[in-house]
Novice: 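Following this message is one structure expressed as structure tokens.
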Protein chains: 2
Amino acid sequence: MQTFTMPLPLTDHIKKFVDLSAADVDVINAAVSVKTLKKKTFLLEPDHVCKELYFVSKGCLRLYFINKKLNEQITQFAIENWWITDHDSLESGKPSKYAIQAVENSEVISITKTKLEELFIAVPQLERYFRIVQLRAFTAAQKRIEFIYSMTEEERYWHFSSLFPGFLQRVPQYMLASYLGFTPQFMSKIRAKKT
Amino acid sequence: MQTFTMPLPLTDHIKKFVDLSAADVDVINAAVSVKTLKKKTFLLEPDHVCKELYFVSKGCLRLYFINKKLNEQITQFAIENWWITDHDSLESGKPSKYAIQAVENSEVISITKTKLEELFIAVPQLERYFRIVQLRAFTAAQKRIEFIYSMTEEERYWHFSSLFPGFLQRVPQYMLASYLGFTPQFMSKIRAKKT
DNA sequence: CAAAAAAATGAATCACGATTAAGAAAACAC
DNA sequence: GTGTTTTCTTAATCGTGATTCATTTTTTTG
């Protein structure tokens with residue numbers, strides 16, 4: 001008897017960075033689970049402990065918290081081939097301040113922290129994969145801090161929209177405003193200038 | 001004949017996260033070099049390609065760039081047991097916008113990217129070590145973005161000074177102001193309030 | 001120790017973007 | 001397809017923190 005394993009986008013992604021044997025692929029696929037999410041579904045709600053990491057295979061998710069002024073503050077988006085989770089809660093086991101929610105109908109590949117630790121033993125190449133992915137994430141975060149500190153909010157908007165033109169179409173403007181750190185009203189003002 | 005190897009703080013740090021044999025320690029120590037830096041010494045100057053990573057064993061370094069208003073914008077400090085480098089330039093091989101400079105008389109353990117890649121082959125546990133260290137760095141960067149977006153500049157100052165009281169004594173106030181994203185003048189104003 | 005450089009403070013004015021409060025337009029649901 | 005929720009826009013006022021310029025204090029160096 002032959003078993004068919006659907007080629008998972010996750011292992012494809014990993015293979016871009018490290019070698020995986022067919023057996024490795026099976027071990028990984030057995031450790032993860034695929035979730036299909038309707039728009040607005042929550043993968044993590046505030047005050048819950050975050051137990052899993054999510055790899056976006058389709059769609060778009062957001063990570064946000066409620067700030068003191070009771071507004072949603074988005075700190076991260078994740079589209080295809082990006083990981084998203086609250087690492088802080090995941091590592092510490094403490095309740096999260098964050099929510100993770102599907103912005104579009106999406107599909108994620110999820111893995112619990114526990115399973116991931118087992119995978120690091122079973123498939124040691126994953127240490128390298130996650131080191132590289134983590135480095136990229138850190139570099140992106142550093143660059144973001146650099147932009148925050150060196151551009152006005154208006155400059156940040158034009159910069160972002162030139163870097164990721166397609167993204168503007170995918171998320172509501174008020175979410176992008178939140179991610180960029182300003183109000184939807186201000187965003188309207190900006191857009192009204194240069195049509 | 002017996003050779004004495006000075007116990008390097010770097011391998012001590014690595015051992016907190018992964019196991020190293022005596023041989024591993026030797027291999028690592030052979031790959032790195034120790035640099036003693038007088039205050040204000042540069043490890044990286046703008047427009048140069050960054051070739052090395054630095055582990056601070058003593059003292060304090062800063063990473064900064066010159067923004068459009070021609071002010072120094074500090075994006076990172078590194079004290080004992082932290083790594084500092086311009087990952088972006090290091091990975092891409094492109095000239096850096098950043099400077100890395102000693103804020104105090106310091107000692108760093110440096111390793112070139114090339115040597116580090118060799119080390120990953122020779123001592124595979126380092127993949128795990130750097131994965132973990134990288135994750136911590138990313139989590140810290142994420143938290144910083146969270147603070148930037150959820151506190152006023154004044155709140156950020158008080159928050160920072162309560163989190164790292166000792167640090168206030170170590171760096172000039174204008175550098176902390178830069179790191180926190182505001183002007184030295186504003187910092188004076190804040191401090192004048194609550195004395 | 002004196003001179004020079006670096007760092008911190010102070011006050012007055014100004015600008016960017018928040019806030020508030022509407023209303024208009026789009027998207028969604030039944 | 002029309003009623004409802006969500007998203008986007010417009011305009012007036014307000015506040016935080018930047019800017020500018022000057023002075024004082026501290027640190028460094030010869």
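Labels below follow one simple rule: chain letters A, B, ... track the order of the sequence lines, proteins then strands, and each chain is numbered from 1. Computed from a predicted structure; not experimentally measured. Computed from heavy atoms alone, side chains included, the values below leave out hydrogens, waters and symmetry copies.
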Novice: Of all the choices, dT6(D), dA8(C), dC8(D), which nucleotide is nearest to the side chain of Ser188(B) once you look at every atom?
Specialist: dA8(C)

Novice: Taking all atoms of both residues into account, what is the closest heavy-atom pair of Leu10(A) and Trp83(A), and its distance?
Specialist: CD1-CZ2, 3.5 Å

Novice: Take atom NZ of Lys68(A) and atom C1' of dA18(C), then tell me their distance rounded to the nearest Å.
Specialist: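 Checked: the NZ to C1' distance equals 16 Å.
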
Novice: Calculate the interatomic distance between Met187(A) atom CE and dT7(D) atom C1'; express it in whole Å.
Specialist: 12 Å

Novice: Choosing from dA18(C), dT6(D), dA18(D), which nucleotide comes nearest the side chain of Glu153(A)?
Specialist: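 Of the options given, the side chain of Glu153(A) lies nearest dA18(C).
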
Novice: Does NZ in Lys38(A) sit with more than 12 non-hydrogen atoms of other residues, nucleotides or ligands closer than 6.0 Å?
Specialist: no

Novice: Do Arg144(A) and Phe147(A) form a cation-pi contact, if we require the NZ or CZ to be under 6.0 Å from the six-membered ring centre and within 45 degrees of the ring's axis?
Specialist: no

Novice: Identify whether the distance between the nearest side-chain nitrogen and carboxylate oxygen of Glu154(A) and Lys189(A) falls below 4.0 Å.
Specialist: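 No salt bridge links Glu154(A) with Lys189(A).
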
Novice: Check the distance between dT16(D)'s P and Leu180(B)'s CG and give it to me in whole angstrom.
Specialist: 18 Å

Novice: Could you work out which one of dG10(C), dT10(D), dT9(C) sits closest to the side chain of Ala192(B)?
Specialist: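 Given the options dG10(C), dT10(D), dT9(C), the side chain of Ala192(B) is closest to dG10(C).
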
Novice: Calculate the interatomic distance between Lys40(B) atom NZ and dA5(C) atom P; express it in whole Å.
Specialist: 12 Å

Novice: Mark up nucleotides 19-24 of chain C, 5' to 3', with B wherever a protein heavy atom is under 4.0 angstrom from a base atom, S wherever such an atom reaches only the sugar-phosphate, and - elsewhere.
Specialist: BBB---

Novice: Carefully, step by step, assess Glu104(A) and Cys60(A) under the rule side chain to side chain contact (heavy atoms under 4.5 Å, CB included).
Specialist: CA-CA 6 Å; Glu104(A) 307 170 345; Cys60(A) 177; 3.8 Å; yes

Novice: Let me know the distance between CD of Gln173(A) and C1' of dA26(C), rounded to the nearest Å.
Specialist: 12 Å

Novice: Measure CE/Met175(A) against C1'/dC8(D) and give the value in whole Å, please.
Specialist: 14 Å

Novice: If you measure from the Lys or Arg side-chain nitrogens to the Asp or Glu carboxylate oxygens, is any gap between Glu117(B) and Lys113(B) under 4.0 Å?
Specialist: yes

Novice: With a 6.0 Å cut-off on the ring centroids, do Phe186(B) and Tyr157(B) count as close?
Specialist: no

Novice: Measure the distance from CD1 on Ile190(A) to P on dA15(C) and round it to the nearest whole Å.
Specialist: 18 Å

Novice: Between dC8(D) and Arg191(A), is there an OP1 or OP2 to side-chain N/O distance shorter than 4.0 Å?
Specialist: no

Novice: Please determine whether the number of non-hydrogen atoms from other residues, nucleotides or ligands lying under 6.0 Å from atom CZ of Arg170(B) exceeds 12.
Specialist: yes

Novice: Please list, pair by pair, any protein nitrogen or oxygen found under 3.5 Å from a nitrogen or oxygen in nucleotides 25-30 of chain D.
Specialist:
{"from": "dT28(D)", "atom 1": "OP1", "to": "Lys39(B)", "atom 2": "NZ", "distance (Å)": "3.1"}

Novice: For Tyr157(B) and dA8(C), give me the distance from atom OH to atom C1', rounded to whole Å.
Specialist: 12 Å

Novice: Kindly indicate whether the side chain of Arg62(B), heavy atoms from C-beta on, has any atom under 4.5 Å from the side chain of Met175(B).
Specialist: yes

